[in-house]
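The structure under discussion appears below in the form of structure tokens.
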Amino acid sequence: MPNPFNPSVLKWHEPTSTLSIAVPQPFGYEPNIGYLSRSTNECLFAVDNSSIYKLLPLGDNLALIAVNSEDDLVLHVRIVHYSGTSLTSEVREDIARYVWEWFDLETDLAPFYAMEDPILRQVTEAFRGLRLMGIPDLFEAMSWGIIGQQINLAFAYTLKRRLVETFGTSLEWGGQTYWAFPTPERIAALTPEDLTLLQFTGKKAEYLLGVAKLMTQGELSKKGLLATGDFAAMEQELLRIRGIGPWTANYVLMRCLRNPAAFPLADVGLHNALKHVLGLDAKPSLAQIRQLAEGWQGWEAYATFYLWRVLY
DNA sequence: GCCCAGGGTTATA
DNA sequence: TATAACCATGGG
């Protein structure tokens, strides 16, 4: 059974503005930290002393939050700083909802762990409690997908950092600078040269500006996509967008729109992970991968995410 | 210097 | 519908 977000059961503690979320089991904080720590070049959150710090844009205001868990039963969310005049219940709810989506607390992992597939068995045992960490913001998810097309992950992180630190929003706190992803408005106002200057290819610059413009013109939104009903329709909508192919569409379905069956089949990371866990000499063919994935039906996104952890 | 990287579009058959 | 060529850039 899924665990829908329910603001009425949220428990806030004063005066430190801390929220305790009883997380659905199984949940493992450590494997999630492991995923979030995979790049030392990440710019959109920081892991420090086993707490995750993240800057959230909420309307015109910013909230810096710290998340941690000591027992894998309760997730603590502390509002470190809020730029607005008062922490209304609406703001608190937005923050709680973001964390809920970010950690994919809606999903019940039990059926996934019950899948009888030899490959899944390996990775679910190795990363028990890992949840498919999301990218709740659609523009960020699509941008990160586009940035990651056909380049190695290290360079992708570098490009993202340049984009964020040039056009994003920041907050100084406790001697640290925290960054939030640029808004579509900011990116839509750029020229392709603004991005090629940061070593984006001409294509990536064009795609990013295109997506930003669709969003600022109201022709593309997370709410609008989710309202189309089924995931197949959402995928078709995404595929109509220039620069969004099958891999990126499924990446966005997986990390943002939360289709557990989204499957970025062309993902090189997935290919290399399968090569590794199966002890192959070469990367498996697409036909082989389709065959292997027959045992993952309904959970392809989670299978892919867990397999990524084998390599990085 | 070479192959590779969390692909997509366009041209061609 | 299916396959090939081209794209452009840094990492290792």
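Keep in mind it's a predicted model, so treat the numbers as computed, not measured. Every chain is numbered from 1 and lettered A, B, ... according to where its sequence line falls, protein lines coming before strand lines.
- For A/Tyr178 and A/Phe45, the ring centers sit 6.0 Å or farther from each other.
- Spacing between C/dG10 and B/dT9 at atom P, rounded to whole Å, works out to 22 Å.
- The stretch residues 283-305 of chain A touches DNA chain B through A/Lys283, each having a heavy atom within less than 4.0 Å of the strand.
- The shortest distance between the side-chain N/O atoms of A/Gln150 and the OP1/OP2 oxygens of C/dC7 is not below 4.0 Å.
- Centroid-to-centroid, the aromatic rings of A/Phe181 and A/Phe139 come within less than 6.0 Å.
- For A/Ile151, counting side-chain heavy atoms from C-beta on, the closest listed nucleotide (C/dG10, C/dT9, C/dG12) is C/dT9.
- Protein atom CG of A/Leu311 is 16 Å distant from nucleotide atom C1' of C/dG11, rounded to whole Å.
- To the nearest angstrom, P of C/dA8 lies 9 Å from CD of A/Glu206.
- The minimum heavy-atom distance linking A/Leu87 with A/Ser17 is given by the pair CD1-OG, 3.3 Å.
- Comparing C/dA8 with B/dA11, their P atoms sit 14 Å apart, to the nearest whole Å.
- Nearer the 5' end of DNA chain C, as judged by each residue's closest nucleotide, is the contact made by A/Gly202, out of A/Thr158 and A/Gly202.
- Straight-line distance from the CG atom of A/Leu198 to the P atom of C/dG10: 12 Å, rounded to whole Å.
- As a whole-Å value, the separation of A/Phe200 CZ from C/dC7 C1' is 17 Å.
- A/Glu185 and A/Thr216 are not linked by any side-chain donor-acceptor pair at a separation below 3.5 angstrom, with hydrogens and angles left out of the test.
- Cation-pi contact between A/Lys54 and A/Trp179: absent, since separation from the ring centre below 6.0 Å together with deviation from the ring axis within 45° is not met.
- A/Asp60 CG: 12 or fewer foreign heavy atoms inside a 6.0 Å radius.
- Because its NZ or CZ atom is not both nearer than 6.0 Å to the ring centre of A/Phe167 and within 45° of the ring axis, A/Arg186 does not count as a cation-pi partner of that residue.
- Open room surrounds CG on A/Asn49; 12 or fewer heavy atoms of other groups in view lie less than 6.0 Å from it.
- A/Asn152 has no side-chain polar atom (N or O) that falls below the 4.0 Å cut-off from OP1 or OP2 of B/dC3.
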Item to check | Where protein sits on nucleotides 8-13 of chain B, one letter per nucleotide: B base, S sugar-phosphate only, - none, heavy atoms under 4.0 Å | outcome: SSS---

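- In terms of heavy atoms, A/Leu75 sits closest to A/Ser69 at CD1-CB, 3.8 Å.
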